[in-house]
Amino acid sequence: MADGFGKTYDFFSGFLKSQPSSLARWFSVVFTFLAVAPILQTGLAGQAQAQQPNPVVSGARVAGDEVRTRFVLDLDRQITPVISALADPYRLIIDLPEVDFRLPEDAGRDGRGLVTDWRYGLFATGKSRIVLDISEPVAIDKTFVLPAVDDQPARFVIDLVKSTRETFVAFAASSREKLRSGQTVSSAKGDRLGNDGDRPLIVLDPGHGGIDSGARGIGGTLEKAVVLDFSSMLKRKLEATGRYEVHLTRETDTFISLSERVDIGHRLAADLFISIHADSVRRFRKQVRGATVYTLSDRASDDLAEELAERENMSDVIAGVELEAEPTDVTDILLDLARRETRNFSVYFARTLVTELKSAVRLINNPHRSAGFRVLKAADVPSVLVELGYLSNEHDEKLLISEEWRERMANAMVDAIDNFFRPRLAQDQTERGDAPVRN
């Protein structure tokens, strides 16, 4: 094709040289347009395709009874969802391309028939997800898409009927296997990526995200949003010191499983892992308020810690993630010793952090607590979970969205991190001949 274009160009060049200048200029313009037009057309088409908005989910509803239940999505165009299932607890998973959910705030809180409730949101980049909680085993009787007609939107419909546990579990296994086989396999990851420089590497872990909204405040504040905002601020403050390398487990409203959060800290060879939350509690909603620092323990320090750990450990269930079996008891004595050492460092940092927070923000009674949080289970990374406050308390919710309060909280955390790493930073500075670290 290029050779043909060259010959055509040579022919017109010779022809134009023999014509009057005005005619030559006219032919030159026409020829240039004809040559460039296909390229422009392709580029504009690609640009239009790239700028095409996401599909919109404008409505969703559940109808029926305990014998037959229908779930309906209203769409602005036809798309092809992928349906899978998970048992223990019973869930149906509807995976979609990334869509814009334009639904009421209370959408999904109330179910009907075989569907007890449902939730939705961004699951990963380019992928949205809806999770239906099912009261008992079901079978998919049929699914179909109704095209848009007149002023009616396109509709995606799933009809569910009662089934047996054996049938549901078999469908869950086969559907998840098909889903896995259809996914692209990521390249193998190295054991530990390490830190290029000699600065301590800190991983900040904003809790929840995407389909998992976390707690919702009395005034409507979403935990996933407020902890991401705070984590981003803390990252900027830590980086501004020039003493740390800082990574976020998520920088957008995207879901990340608990195991992946732990794995991020391990892969990066983090020196410290801080998971940041702003939970809610069912009991003593008005009384429970103030910042809290949690570390990992086999047995919860109190009822509140146990309740929060149970909530946080359900994150994967909420997002429709297949749960992994808990690892067996450690038999490797070296790994066991490393895990104990890591927990000791975690407790030391937690106490350091509590000391700094006391003079900056309100703390809960007994601010250092512990429980079996799955996100803190890295065997080789000191890890803590910080509850900035409790969205179930209206006073804490107001503070969590206050810029002035966030500044105080973030500054206190920077001071605590400085104190935790002070011996290492001092040694590094002595070796380089720098001035000592000061707050």
- Message: Tell me whether the count of non-hydrogen atoms from other residues, nucleotides or ligands lying under 6.0 Å of CG in Asn365 goes above 12.
- Response: no

- Query: Okay, side chain of Ser280, backbone of Ser392: is any donor-acceptor separation there less than 3.5 Å?
  - Reply: no

- Would you mind listing every salt bridge (Lys or Arg N to Asp or Glu O under 4.0 Å) that reaches into residues 107-119, with sequence neighbours excluded? Asp117-Arg119, Arg119-Asp133

- Query: With a 4.5 Å heavy-atom cut-off, do Leu238 and Ile202 have their side chains touching?
  - Reply: yes

- Item | Beyond-backbone contact of Leu308 with Glu387, side-chain heavy atoms, under 4.5 angstrom | yes

- pair Ile134-Trp118: side-chain heavy atoms closer than 4.5 Å: no

- Item | Steps toward side chain to side chain donor-acceptor pair (under 3.5 Å) verdict (Thr292, Tyr390) | CA-CA 9 Å; Thr292 317; Tyr390 295 87; 2.8 Å; yes

- Output for pair (Leu248 CG, Asp205 CG), nearest 0.5 Å, gives 9.0 Å

- Message: Nearest 0.5 Å, please: how far is CE in Met409 from CG in Leu388?
- Response: 5.0 Å

- Item | Under the salt bridge (charged side-chain N to carboxylate O under 4.0 Å, His left out) test, residues paired with Asp396 that sit two or more places apart | Arg289

- Mind checking salt bridge (charged side-chain N to carboxylate O under 4.0 Å, His left out) for Asp302 and listing every partner two or more places apart, or none if nothing turns up? Arg369

- Check: Ala309 main-chain N/O paired with Asn313 side-chain donor or acceptor under 3.5 Å: yes

- Item | Partner set under side chain to side chain donor-acceptor pair (under 3.5 Å) for Asp88, not counting sequence neighbours | Arg165

- Output for pair (Thr252 OG1, Leu228 CG), nearest 0.5 Å, gives 7.5 Å

- Query: Residues in ring pair (Phe, Tyr, Trp, His ring centres under 6.0 Å) with Phe156, at least two apart?
  - Reply: none

- Message: Show, in sequence, the C-alpha distance, side-chain angles and deciding distance for Arg216 and Glu105, and conclude whether the salt bridge (Lys or Arg N to Asp or Glu O under 4.0 Å) test is met.
- Response: CA-CA 11 Å; Arg216 180 186 292 269; Glu105 283 191 5; 3.7 Å; yes

- Message: Can you tell me which residue among Arg424, Arg243, Arg199 is in a salt bridge (Lys or Arg N to Asp or Glu O under 4.0 Å) with Asp271?
- Response: Arg424

- Task: Of all the heavy-atom pairs spanning Ala360 and Ala412, show the shortest one and how long it is.
- Result: CB-CB, 3.7 Å

- Task: Begin from the C-alpha positions of His208 and Ile318 and carry the test side chain to side chain contact (heavy atoms under 4.5 Å, CB included) through to its verdict.
- Result: CA-CA 10 Å; His208 309 280; Ile318 289 171; over 6 Å; no

- Return yes if some donor-acceptor pair links the side-chain N/O of Ser128 with the main-chain N/O of Val99 below 3.5 Å, else return no. yes

- Message: Going by ring pair (Phe, Tyr, Trp, His ring centres under 6.0 Å), name the residues that satisfy it together with Phe349, two or more places apart in sequence or in a different chain.
- Response: Phe420

- Item | Arg70 and Asp141: CA distance, side-chain angles, deciding distance, salt bridge (Lys or Arg N to Asp or Glu O under 4.0 Å) verdict | CA-CA 10 Å; Arg70 170 170 286 188; Asp141 183 49; over 6 Å; no

- Note on the structure: Heavy-atom nearest pair, Val57 first then Leu103, reads O-CD2, 3.8 Å

- Any donor-acceptor pair under 3.5 Å from Thr167 side chain to Ser163 backbone: no

- Item | Audit row: Arg408, Glu404, salt bridge (Lys or Arg N to Asp or Glu O under 4.0 Å) steps and yes/no | CA-CA 7 Å; Arg408 292 204 317 270; Glu404 186 266 341; 2.5 Å; yes

- Is it true that atom NZ of Lys398 has more than 12 heavy atoms of other residues, nucleotides or ligands lying nearer than 6.0 Å? no

- Listed partners of Glu397 passing side chain to side chain donor-acceptor pair (under 3.5 Å), at least two apart: Thr221

- By salt bridge (charged side-chain N to carboxylate O under 4.0 Å, His left out), Arg362 pairs with (sequence neighbours left out) none

- Query: What closest approach, in Å, do Glu66 and Leu114 show between heavy atoms, and which atom pair accounts for it?
  - Reply: O-CD2, 3.1 Å

- Message: The test is side chain to side chain contact (heavy atoms under 4.5 Å, CB included); show your working for Asn393 and Leu391 and say whether it passes.
- Response: CA-CA 5 Å; Asn393 183 283; Leu391 285 170; over 6 Å; no

- Could you grab the distance from atom CZ of Arg422 to atom CG of Leu425, nearest 0.5 Å is fine? 8.0 Å

- Query: Is the backbone of Ala300 close enough, under 3.5 Å, to the side chain of Ser370 for a donor and an acceptor to pair up by distance?
  - Reply: no

- Task: Keeping the roles fixed (side chain from Arg250, backbone from Gly207), state whether a donor-acceptor pair exists under 3.5 Å.
- Result: yes

- Message: Less than 4.5 Å apart, side chain to side chain, heavy atoms only: is that true for Val157 and Val145?
- Response: no

- Those residues that, when tested against Glu166, pass salt bridge (charged side-chain N to carboxylate O under 4.0 Å, His left out) (two or more places apart): none

- Item | Note: Asp316-Arg261 ion pair, threshold 4.0 Å (strictly below) | no

- Checking Ser315 side chain against Glu312 main chain: does a donor-acceptor pair fall under 3.5 Å? no

- Item | Exam field: side chain Arg61 to backbone Leu73, donor-acceptor pair closer than 3.5 Å | no

- Does Gly210 offer a backbone N or O that forms a donor-acceptor pair with the side chain of Lys224 under 3.5 Å? yes

- Task: Could you tell me whether the side chain of Glu223 and the main chain of Ala215 form a donor-acceptor pair under 3.5 Å?
- Result: yes

- Query: Do any pairs count as a ring pair (Phe, Tyr, Trp, His ring centres under 6.0 Å) and have a residue in residues 214-265, sequence neighbours left out, and if so which ones?
  - Reply: Phe123-Phe255, Tyr244-Phe421

- Query: Does a side chain donor of either His368 or Thr295 reach within less than 3.5 Å of an acceptor in the other side chain?
  - Reply: yes

- Note on the structure: Heavy-atom closest pair (Thr352 atom, Ala416 atom, distance to 0.1 Å) is CG2-O, 3.6 Å

- What is the distance from atom CG of Leu385 to atom OG of Ser346, rounded to the nearest 0.5 Å? 11.5 Å

- Task: Would you please name every residue forming a ring pair (Phe, Tyr, Trp, His ring centres under 6.0 Å) with Phe345, sequence neighbours left out?
- Result: none

- Task: Kindly compute the distance separating CG (Asn411) from CZ (Arg406), expressed to the nearest 0.5 Å.
- Result: 14.0 Å

- Query: What's the verdict on side chain to side chain contact (heavy atoms under 4.5 Å, CB included) for Leu75 and Val56, showing C-alpha distance, side-chain angles and the deciding distance?
  - Reply: CA-CA 6 Å; Leu75 306 157; Val56 174; over 6 Å; no

- May I ask you to test the Leu96-Ile130 pair for a side-chain heavy-atom distance under 4.5 Å? yes

- Query: How about Val203 and Ile274: do any of their side-chain heavy atoms sit closer than 4.5 Å?
  - Reply: no

- Task: Give every residue pair that meets the ring pair (Phe, Tyr, Trp, His ring centres under 6.0 Å) criterion with at least one member in residues 80-103, sequence neighbours excluded.
- Result: Tyr90-Phe168, Phe101-Tyr120

